[in-house]
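The model shown is predicted, which means the values in this text are computed figures rather than measured ones. Per chain, numbering begins at 1; letters A, B, ... match sequence-line order.
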Amino acid sequence: MHLVYALHRRSNNKNTSDASLASRPALVLPPSGVAIIMATAFVHSCCNTVSGSNPQRRLPKDSPAASTSTTRRRSRVNLASVARTLSSLVNAGRVREAASLFESTKKPDTFLWNLMIRGYADAELYEEAVHAYRRMRDAGVWADHFTFPFVVKSCANSSSYDDGLRVHAKIIKVGLDSDLFICNSLITMYSKFGLLSAAERVFDEMPARDGVSWNSLVDGYVSNGEGWRSLVCIKHMQEAFGVKLDWFAITSALSACSLELRLEQGKEIHCHAVRNGLESDIKLQTALLDMYCKNGDMVYADRLFGSMSRRNVVTWNALIGGYALNDEPLQAFACAIKMQDDYMIPDTVTLVNLLPACAELRSMDHGKAIHALAIRKGFLPHLILETALMDMYAKCGDLKPSELLFEKMTEKSLVSWNAMIVAYVHNGRNSEALQLFLHLQEGPLGPDVFTISSIIPACAELASLQQGKQIHSYVLRAGYGSDSVVLNSIINMYARCGDLNIARQVFDRMPCRDLVSWNVLIMGYAIHGHGEAALELFSAMKDAGLKPNQSTFTSVLTACSITGLSDEGWLHFDSMQQEHGMSPEIEHYGCMVDLLGRTRDLRAAMDFINKMPLVPTARIWGSLLTAGRNNRNIEVAEFAAEQILRLEHDNTGCYVLLSSMYADAGKREDVDRVMSLMTQKGLHRTAARSLVEFDGKTCSFVNGDKSHAQSDKIHRVSSVLSRKIGEAACDPGAIFDPIDAVTKRANSPSRHSLRLAVVFGLISSPVGSPVLVKKNVRICNHCHRAVKLISGFSGREIIVGDTKIYHHFSNGTCSCGDYW
DNA sequence: TTAGGGTTAG
């Protein structure tokens with residue numbers, strides 16, 4: 001406006017007063033781009049007149065030198081005036097009008113190019129900024145120390161990795177690689193690319209650094225999830241270099257404390273902010289609030305929030321997110337209501353923060369209401385909101401809306417892909433998760449550490465050793481071979497897929513083992529029935545200086561119970577409280593009930609449950625049911641089943657186990673009663689399925705399966721083996737098998753899915769090699785007895801994983817000691 | 001004319 005005012009004044013009589021000009025309505029209107037261009041043209045003419053008014057410097061009109069000199073001078077003056085106009089437009093954020101003026105300018109110089117590139121960068125038109133730089137270079141105009149910070153920033157924000165590297169090379173070539181501003185922008189660029197070592201290299205090679213250099217590196221660490229390195233860097237900058245923490249450093253430090261869950265350090269930084277008079281800044285207060293929320297101190301967060309004199313939507317969102325994060329979903333919703341009383345309008349972040357609260361409450365109604373609100377407010381499509389919605393639906397157990405959202409997303413980030421993969425895994429749809437993982441690899445987005453950590457458990461659940469090996473190979477190729485989170489998942493996967501030897505090899509070769517690594521391997525030994533080895537590993541873990549946690553004891557007590565190491569089990573259970581000051585949790589009590597059941601002391605098991613300081617769950621009564629079943633004590637089993645069904649009326653496993661017991665005891669009427677009760681409740685027994693891998697493929701068998709290409713041979717061999725091990729055709733167990741009782745069809749144990757899978761494994765693999773089979777339900781008595789005998793007869797090791805443990809059948813015996 | 005996070009998804 002001032003510019004037009006000035007221009008207008010020049011175009012009119014010199015005697016025109018400011019007051020009279022101010023009274024003209026045209027002057028108070030904002031200048032349009034065209035008006036400015038026209039005005040600029042007018043200024044050119046004025047300037048030309050002025051420059052030609054000095055008779056002392058005038059050259060003969062026909063002189064070539066005079067002509068050239070005049071042209072140059074005119075050109076300089078033109079550019080200077082364009083620059084003023086262009087600068088005004090850029091500063092006003094009117095980048096399109098600035099571009100129009102720029103394009104109409106002949107031979108723009110470095111200064112004008114810089115202005116234009118800055119205009120694009122300020123308007124977040126980063127790709128256009130980079131394009132303008134390319135045009136500048138092609139036009140032969142020299143880029144200077146002002147040009148590069150804008151260009152580097154634009155490369156960083158447009159994810160133009162190749163351009164970024166080319167620009168850096170150019171900076172080195174023109175000798176500007178020591179410039180403070182350029183180096184600072186390069187640190188940020190490399191951090192945004194996730195190339196922290198490149199950012200560090202730029203930082204290290206700087207001849208001089210300022211606070212921005214340090215803050216940029218610290219921020220780079222934080223934004224790449226390297227909270228610890230960020231805190232180390234902050235300490236170093238303060239102590240070794242005497243750099244004071246400013247607003248930026250404090251906010252980065254607070255984020256680092258959130259990442260590393262360092263509440264005490266966060267409080268120290270809070271004190272530092274107070275000492276430096278920054279505590280009244282609303283942004284800093286919100287950052288502090290966020291730090292307290294992320295560290296789980298909602299009491300302090302609430303107190304800080306209450307003390308704030310001013311709050312905005314961001315502040316409210318931080319508090320809502322805090323309550324949702326800290327498992328206080330109702331408080332999160334209460335805040336969302338209160339914020340509206342405070343005249344704050346919920347935005348996309350508010351809704352994104354509320355969705356985990358819906359998931360926590362398992363309240364699809366709340367989730368759907370938020371979804372509807374997002375649609376009504378026109379927030380969709382929105383990448384983060386859609387991903388959060390997908391996650392909410394999946395956690396509420398409804399995958400269909402998640403799939404629809406994912407399918408229809410106009411833009412998908414890697415986080416969206418990961419969320420969908422996790423959604424499948426958490427809902428037991430492991431095959432779909434694996435398919436999606438393969439699909440992801442076909443596109444431009446590569447899997448990251450989250451993807452890998454999500455997909456490995458799917459392989460573990462599918463018990464697909466081949467798939468697991470392929471994922472392991474991918475992990476090594478993709479450079480995640482030293483990531484302890486990923487490697488821990490891989491150890492678990494190998495153990496759950498039945499190959500404990502490879503699990504051990506991965507563990508032994510880990511560059512850095514954490515507590516989880518030990519816990520996972522101890523559990524691996526436990527589920528394979530190698531109790532002694534698990535306890536040896538536990539001792540080695542303590543010798544290595546690691547302190548056991550609750551999960552360690554779950555693994556150790558599981559090992560003791562599965563292997564029947566009663567004395568050791570009680571020793572470790574007691575040591576939890578006496579030596580390590582831990583209160584046993586429900587899982588630990590469950591292991592002890594298993595242990596008591598295994599020692600056949602059902603009375604002690606019942607007393608133990610009655611004296612437990614925790615309310616028994618279905619898992620505890622399930623252990624008692626198993627104990628009753630393995631000790632052939634129908635009364636105890638019935639009592640346990642009653643307790644389970646009181647807590648979980650749809651527990652099909654409970655019905656099946658009880659009916660199996662009745663069948664073993666020859667109580668045909670009770671079998672019928674239990675099975676009809678199941679039918680009345682609309683429950684269905686899980687169809688048994690056994691998997692065995694052959695030639696890199698998983699072969700699946702159901703009971704009586706005849707779909708396999710070699711079915712005739714498999715059934716024939718199974719019948720022969722059945723006879724060889726002396727399995728009677730009229731086995732009383734077979735007659736009263738609940739499957740037969742319900743289906744009323746002949747289904748001899750020799751045709752059970754496990755038997756078919758074992759036989760196929762035996763005939764399709766090299767003589768002497770072990771056979772590995774995975775089963776989706778527990779092994780029935782007949783198959784357990786038969787596979788023991790088959791292992792003796794064939795001289796082969798047969799490994800069968802059920803839903804809980806691995807049975808190693810060898811020389812006619814099973815590692816479970818006939819208790820499972 | 002140059003560099004820098006308050007809250008959000010896996």
Exercise for the section: Check the distance between B:dG10's C1' and A:I384's CD1 and give it to me in whole angstrom. Expected result: 12 Å
Exercise for the section: Mind calculating the distance between OH (A:Y393) and P (B:dA9) to the nearest angstrom? Expected result: 18 Å
Problem - Heavy-atom pair with the smallest gap, counting every atom of A:D342 and A:R311 - result: OD2-CD, 4.2 Å
Fill in the blank from the handout: In whole angstroms, the gap separating C1' of B:dG4 from CG of A:L284 amounts to 15 Å
Handout entry: Any side-chain donor near an acceptor of the partner, A:Y424 and A:E403, under 3.5 Å
Key = yes
Handout entry: Aromatic ring pairing A:W316/A:F305, orientation class (parallel under 30°, perpendicular over 60°, tilted between)
Key = perpendicular
Practice task
Evaluate the ring planes of A:F241 and A:W214, with Trp represented by its six-membered ring, and classify them as parallel (under 30°), tilted (30 to 60°) or perpendicular (over 60°).
Solution key: tilted
Practice task
Could you check which of B:dA9, B:dT1, B:dT7 has an atom nearest any side-chain atom of A:D290?
Solution key: B:dT7
Practice task
Give one of base, sugar-phosphate or nothing for A:F111, where a contact means two heavy atoms less than 4.0 Å apart.
Solution key: base
Handout entry: Lys/Arg-Asp/Glu bridge criterion (N-O < 4.0 Å) met for A:E103, A:R135
Key = yes
Practice task
Would you mind telling me which of B:dG6, B:dA9, B:dT2 lies closest to the side-chain atoms of A:A287?
Solution key: B:dG6
Exercise for the section: Answer with base, sugar-phosphate or nothing: what part of the nucleic acid does A:L319 contact at a heavy-atom distance below 4.0 Å? Expected result: nothing
Practice task
Please state how far atom CD1 in A:I182 lies from atom P in B:dT1, giving the value in whole angstrom units.
Solution key: 17 Å
Exercise for the section: Measure distances between side-chain N and O atoms of A:D210 and base N and O atoms of B:dG4, and say whether any donor-acceptor pair falls under 3.5 Å. Expected result: no
Completion exercise
A:I187 CD1 to B:dA3 P, in whole Å, measures 14 Å
Exercise for the section: Quick one: label A:D391 by what it contacts on the DNA or RNA (base, sugar-phosphate, nothing), any heavy atom closer than 4.0 Å. Expected result: sugar-phosphate
Practice task
Confirm from the modelled atom types if A:D448 and B:dG10 form a donor-acceptor pair under 3.5 Å, side chain to base only.
Solution key: yes
Handout entry: Nearest to side-chain heavy atoms of A:V422, which nucleotide of B:dT7, B:dG10, B:dG6
Key = B:dG10
Practice task
Just compare B:dG6, B:dG10, B:dA9 and give me whichever is closest to any side-chain atom of A:A419.
Solution key: B:dG10
Exercise for the section: May I ask you to check if A:K412 and A:F406 form a cation-pi contact, with NZ or CZ under 6.0 angstrom from the six-membered ring centre and within 45° of the axis? Expected result: yes
Handout entry: Reported CD1-to-CG distance for the pair A:I455 and A:L436, which is rounded to 0.5 angstrom
Key = 8.0 Å
Exercise for the section: Please state how far atom CD1 in A:I234 lies from atom C1' in B:dG4, giving the value in whole angstrom units. Expected result: 13 Å
Practice task
Please work out if A:V152 contacts a base, only the sugar-phosphate, or nothing of the nucleic acid, heavy-atom cut-off 4.0 Å.
Solution key: nothing
Practice task
Could you tell me the separation between the CE atom of A:M392 and the P atom of B:dG10, rounded to a whole number of Å?
Solution key: 13 Å
Handout entry: Nearest listed nucleotide, side chain of A:W247, among B:dG4, B:dT7, B:dG6
Key = B:dG6
Completion exercise
Tightest non-hydrogen contact, residues A:E360 and A:D327, listed as OE1-OD1, 3.4 Å
Practice task
Taking only heavy atoms on the protein side, list every residue of residues 123-131 of chain A lying under 4.0 Å from any atom of DNA chain B, sorted numerically.
Solution key: none
Fill in the blank from the handout: Nearest heavy-atom contact between A:S191 and A:G220 is OG-CA, 3.3 Å
Practice task
Just call it for A:T147: base, sugar-phosphate, or nothing, with non-hydrogen atoms closer than 4.0 Å on any strand.
Solution key: nothing
Problem - Closest to the A:F150 side chain, choosing from B:dT2, B:dG6, B:dT8 - result: B:dT2
Problem - Nearest-nucleotide pick for A:N184, side chain only, options being B:dA9, B:dA3, B:dG6 - result: B:dA3
Practice task
Would you classify A:T315 as touching base, sugar-phosphate or nothing, given that sugar-phosphate means primed atoms plus P, OP1 and OP2, and contacts are heavy atoms under 4.0 Å?
Solution key: base
Problem - Sugar-phosphate, base or nothing in reach of A:N353, heavy atoms under 4.0 Å - result: sugar-phosphate
Handout entry: Whether A:F146 stacks on the six-membered ring of B:dT1 base, 5.5 Å and 30° limits
Key = yes
Problem - Phosphate contact (B:dT8 OP1 or OP2) by A:K294 side-chain N/O below 4.0 Å - result: yes
Problem - Among B:dA3, B:dA9, B:dG6, the nucleotide that comes nearest once only the side chain of A:T387 is considered - result: B:dA9
Practice task
Find the distance A:M116:CE to B:dT2:P and express it as a whole number of Å.
Solution key: 14 Å
Practice task
Could you check which of B:dT8, B:dG6, B:dA9 has an atom nearest any side-chain atom of A:S416?
Solution key: B:dA9
Practice task
Using a 4.0 Å heavy-atom cut-off across all strands, classify A:D246 as base, sugar-phosphate, or nothing.
Solution key: base
Practice task
For A:D281, report the nucleic acid contact type (base, sugar-phosphate, nothing); a contact means any heavy atom under 4.0 Å.
Solution key: nothing
